[in-house]
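For reference, the structure discussed in these notes is given below.
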Amino acid sequence: MQDADATVTVEAARLGKLVTDIFAASGCAADEAGRIGHYLLSANLAGHDSHGVIRTPRYVQWLQDGKVLAGQTLSVVSEGPVFATVDGNYGFGQTIGPQAVDLGIAKARAAGVAVIALRHSGHLGRIGDWGERAAEAGLASIHFVNVEGGELVAPFGGVDRRFSTNPVCIGIPGTGDAPMLLLDMATSLVAEGKVLVASNGGKKIPPGSLVRPDGQFTDDPAALYGPLKPSAPRDPAMGEGALVAFGLHKGSGLAFMCEMLAGVLSGGGTSGPVPGGRRSRISNGMLSVYLDPAKFAGADFHARARAYADYVKASRPVTAGGEVLVPGEPEARTRAERLARGVPLQKQTWDAIRATAAGLGVAVPD
Ligand code: NAD
């Protein structure tokens, strides 16, 4: 494992450009490469390093292996005025995600509400990006997500993997582009990417985030990835343990429902075993609900929502000098700081990105 303090700081625009250049050199069209660079950087800016540029080598490998496809457009499977089921055709989530969200925005603007069930999208990354896109259009939104064939999480009371990390996101629009509130969370106690970061010497995961096959709880990433070798890629298939759902039976139940809504109702697939063994493609499903607040609450929605959010924030802190934050606030602060000061990366992450760039003949900035 690397020294946890071994970090480099890269200016945000340069980092985004490097990732964009890598995907352009990998065979993506310029606009798609730009979107992948934009959204991976966006996750780092929000402080979710687990879903940021650390994914670059893995995404490039998936593209080379045909597990994700460049240049895809979603197809409509079924459609009505307030709903659609759409298929992402295993295109990059950074391309398919915005297409699916924009369809929901268009329908909700016309009808007040829309439900979009997306199947077979490539990895959708940080789901908060989709809640933010809807909020920018003035809409509240709810997103339930699953990973087809991606079981990593044990159900409450069990040790065998059954669920994926099943993120849920709820966005409440503000009066400007940024959401007033953005709850965006995995239903596992920690997202898999946070175990990945910890396994590379980054921030430790909380005790009891993982369960071993014998029922013992642990924070050792080896339970998920098997014995850790410093330079070897982390593969959850090599570990015998499982992630644990947050909030005991309640988080486990929410993960279960994500599989039902994003996996079964979308017509995609659940986290469970895939016919023929290991999955050949990477696939997120996402069931999204879009709501136009003006059509429900009327013109004073923002004022009432703001007043309540301020009231919640005004709760007296547990510790002297402490503070109550609202969902989305930590990410907004981290974004402002990293845009100003640069994006800190684990040295191992930066080296892996540089090696991927070098392998594709992409120049790396100093
Ligand atoms: P997290 O635990 O860091 O944050 C969860 C939520 O809690 C956020 O909305 C955040 O604003 C809020 N929050 C954090 N600290 C707070 C505080 N002190 N007070 C009040 N609110 C606070 O997030 P996570 O569960 O580790 O998820 C990380 C990311 O992983 C998310 O962006 C998620 O979408 C992504 N993810 C994606 C997939 C996928 O398949 N695409 C799977 C799992 C997770």
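Position 1 is the first residue of the sequence, and the numbers go up from there. Just follow the structure's listing: the first ligand is 1, and inside any ligand the first atom is 1. Just so you know, these numbers come straight off a predicted model, no measurement behind them.
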Quick check: does V326 get an N/O under 3.5 Å from an N/O on ligand 1? no
Would you call D65-R58 a salt bridge at under 4.0 Å N-O? no
Subset of ligand 1 atoms that lie under 4.0 Å from at least one heavy atom of I127: 34 (O), 41 (N)
side-chain hydrogen bond (donor to acceptor under 3.5 Å, both in side chains) partner of R126, chosen from E331, H51, E132, H48: E132
Of all the non-hydrogen atoms in the protein, which one sits nearest to atom 23 (O) of ligand 1, and at what distance? H48 CE1, 3.5 Å
Please determine if E323 and K313 form a salt bridge, counting it only when a charged side-chain N lies under 4.0 Å from a carboxylate O. yes
Side-chain donor-acceptor pair under 3.5 Å between N284 and H123, yes or no? no
Ligand 1 N/O within reach of A186 N/O, cut-off under 3.5 Å: yes
Is it the case that N166 and N146 place a side-chain donor and acceptor less than 3.5 Å from each other? no
Do E148 and S283 meet the criterion of a side-chain donor-acceptor pair at a distance under 3.5 Å? yes
Less than 4.0 Å from atom 2 (O) of ligand 1, is there any heavy atom belonging to the protein? no
Who's the nearest protein heavy-atom neighbour of atom 20 (C) of ligand 1, and how far? L325 O, 3.3 Å
Count the heavy atoms belonging to other residues, nucleotides or ligands that lie under 6.0 Å from OH of Y308, then report whether that count exceeds 12. no
With respect to N284, determine whether any N or O atom, backbone or side chain, lies less than 3.5 Å from an N or O atom of ligand 1. yes
Any nitrogen or oxygen of G328, side chain or backbone, less than 3.5 Å from one on ligand 1? yes
What are the atoms of ligand 1, with element, lying closer than 4.0 Å to any heavy atom of V147? 40 (O)
Give a yes or no on whether K295 atom NZ has more than 12 heavy-atom contacts from other residues, nucleotides or ligands under 6.0 Å away. yes
Nearest neighbour in protein (non-hydrogen) for atom 38 (C) of ligand 1: P167 CG, 3.4 Å
Could you name the option among H51, E323, E192, R333 that has the heavy atom nearest to atom 36 (N) of ligand 1? H51
Between R133 and D129, is the salt bridge (charged side-chain N to carboxylate O under 4.0 Å, His left out) condition met? List the steps. CA-CA 6 Å; R133 194 174 179 92; D129 280 317; over 6 Å; no
Heavy-atom contact check, 4.0 Å cutoff: does D184 meet ligand 1? yes
N/O of E331 under 3.5 Å from N/O of ligand 1, yes or no? yes
Can you tell me if N89 and Q72 form a side-chain donor-acceptor pair at under 3.5 Å? no
Counting non-hydrogen protein atoms only, what is the nearest one to atom 41 (N) of ligand 1? Give residue, atom name and distance. G125 O, 2.9 Å
Heavy atoms only: which of G52, G171, P330 is nearest to atom 13 (N) of ligand 1? P330
Per-atom filter on ligand 1: closer than 4.0 angstrom to a heavy atom of T165 are 42 (C), 43 (C)
How close does the nearest protein non-hydrogen atom get to atom 7 (O) of ligand 1, and which residue and atom is it? L183 CD1, 4.3 Å
Salt bridge R161-E192, side-chain N to carboxylate O under 4.0 Å: no
Report yes or no: do N200 and Q346 form a side-chain donor-acceptor pair below 3.5 Å? no
Could you tell me whether the side chains of T356 and T56 share a donor-acceptor contact shorter than 3.5 Å? no
Note the single closest protein heavy atom to atom 39 (C) of ligand 1, along with its residue, its atom name and the distance in Å. H123 NE2, 3.7 Å
Give yes or no for whether the N/O distance cutoff of 3.5 Å, strictly under, is met between M185 and ligand 1. no
How far is atom 26 (O) of ligand 1 from its nearest protein heavy atom, and which residue and atom name does that atom have? K194 NZ, 2.8 Å
Minimum-distance protein heavy atom relative to atom 12 (C) of ligand 1: P327 CA, 4.4 Å
